[in-house]
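Worksheet: one structure, shown below.
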Amino acid sequence: MAATIIDGKALAAKVRAEVADEVAELGHVGLATVLVGDDPASHVYINSKQKMATAAGIEAHDHRLPGDMSQDDLLAFIAELNADDSIDGLLVQLPLPDHIEEHTIIEAIDPAKDIDGIHPYNAGRLMMGRPTLVPATPRGIMRMLEEYEIELQGANAVVIGRSNIVGKPVALLLLQKDATVTICHSKTQDLAALAAQADILVAAIGRAKFVTGAMVKPGACVIDVGINRLPDGTLAGDVDYAAAREVAGWITPVPGGVGPMTIAMLLENCLKAANESAA
Ligand code: NDP
């Protein structure tokens, strides 16, 4: 039997509507996005974040800075946004140009405004199971699992990918929900066999159709984070969707799965930051 499709697009619309209601209630929520340079994909991401934020009633400031600006100038700019009380959430789009040290910039963001949840303060609190700003993609994944009532306690969860923004935080969140978590990466041995034992399989690799139907346990919940552009211009996830949906119990499509949830949860993070600064 074909899997239940987890409709990230519909759920994201619901989350955005909830955020919009709360933003209206709060009166003012301010977001600043910072994009350095002219990476085309980054411009597309920032455009959709700006558009969705504005639609939710968030006052969104869109800063596009030249790719040859110095690290010191960027640090000074971030310091200004940190000090600006009308800005609740501050997002610096990655990747940054090569001459700018990513970690230095991330660590310069006020942790209370770090709606990407990547400052070491927030990452550390997440590791300790303390309330904090958590990266949007992992939060979106957890929200989908909750909405579709996927049993997590005692479940075997396998996460493929160990990035700071997806793989590691989603593994920690699954662990918090009492799943037994295995994290796989490029040096993992017998990855296919590990994946095939997963009740929950999260693919965050960046390789089109890496997860085959044979790597999916019958009835498993498959979460496909990957966004890969194929030579014909279409998008594909990290999972061979056509094959996996015949085996899985639940599956997220690409597009229309994790992607829309990421932006929705980013807006929710911005609201959270605003609520906390108002408290
Ligand atoms: P990274 O490139 O930071 O991490 C990729 C991970 O995949 C690494 O841990 C790497 O292992 C692992 N990996 C690569 N090749 C293999 C392999 N052959 N076997 C096993 N593991 C492998 O990517 P991100 O986590 O940032 O993103 C992953 C994907 O998700 C990308 O397609 C990205 O575009 C997409 N994405 C989608 C989002 C959304 O909203 N839908 C949001 C963020 C990302 P190692 O550490 O050993 O190198």
Side-chain angles (χ1 to χ4, degrees), residues 5-9 11-13 15-16 33 39-53 91-96 102-103 106 115-118 123 126 134-145 157-174 181-196 198 201-212 214-216 222-231 234-241 251-269:
I5 312 300
I6 297 182
D7 188 345
K9 200 171 162 190
L11 181 55
V15 171
R16 291 198 309 271
T33 62
D39 177 59
S42 293
H43 279 271
V44 174
Y45 293 141
I46 287 291
N47 289 346
S48 28
K49 289 170 188 174
Q50 280 286 332
K51 193 173 133 204
M52 297 289 182
L91 176 161
V92 178
Q93 184 68 38
L94 302 177
L96 290 164
E102 202 166 280
H103 288 291
I106 290 172
I115 57 169
D116 268 334
I118 50 176
L126 171 62
V134 173
T137 304
R139 280 198 66 215
I141 293 170
M142 298 310 286
R143 182 71 193 263
M144 290 195 289
L145 295 174
V158 172
V159 178
I160 314 179
R162 55 174 164 180
S163 70
N164 290 332
I165 194 90
V166 189
K168 282 185 212 162
V170 79
L172 288 168
L173 292 170
L174 288 162
V181 184
T182 304
I183 305 177
C184 298
H185 47 78
S186 65
K187 309 292 185 295
T188 299
Q189 291 179 14
D190 285 337
L191 188 152
L194 289 168
L201 181 61
V202 180
I205 311 155
R207 288 177 174 239
K209 302 185 186 181
F210 181 93
V211 174
T212 63
M215 287 162 71
V216 175
V222 179
I223 305 290
D224 189 354
V225 184
I227 304 177
N228 307 287
R229 182 79 57 192
L230 298 179
T234 57
L235 288 184
D238 288 344
V239 175
D240 181 347
Y241 182 77
I251 191 165
T252 62
V254 176
V258 177
M261 286 303 292
T262 293
I263 298 193
M265 301 318 276
L266 188 73
L267 304 183
E268 216 186 68
N269 271 352

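Order of appearance sets the numbers: ligands from 1, and atoms from 1 within every ligand. For this chain, numbers begin at 1 and follow the sequence in order.
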Practice item. Check the pair V170 / T137 against side-chain contact (heavy atoms from CB on, under 4.5 Å), numbers first and verdict last. Key: CA-CA 8 Å; V170 79; T137 304; over 6 Å; no
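One finds the OH atom of Y241 at 10.0 Å from the CG atom of D224 (value rounded to the nearest 0.5 Å). Here the straight-line distance linking atom CG of L191 with atom CE of M215 works out to 5.0 Å at 0.5 Å rounding.
Under the 4.5 Å side-chain criterion, counting only non-hydrogen atoms from C-beta, V239 is not in contact with V254. L173 is listed as a side-chain neighbour of L126, based on a closest heavy-atom distance under 4.5 Å.
Ligand 1 is surrounded by T137, G161, R162, S163, I165, V166, H185, S186, L191, A204, I205, G206, R207, F210, V225, G226, I227, N228, V258, G259, T262, each with at least one heavy atom closer than 4.0 Å.
With sequence neighbours left out, T234 forms a side-chain hydrogen bond (donor to acceptor under 3.5 Å, both in side chains) with D232.
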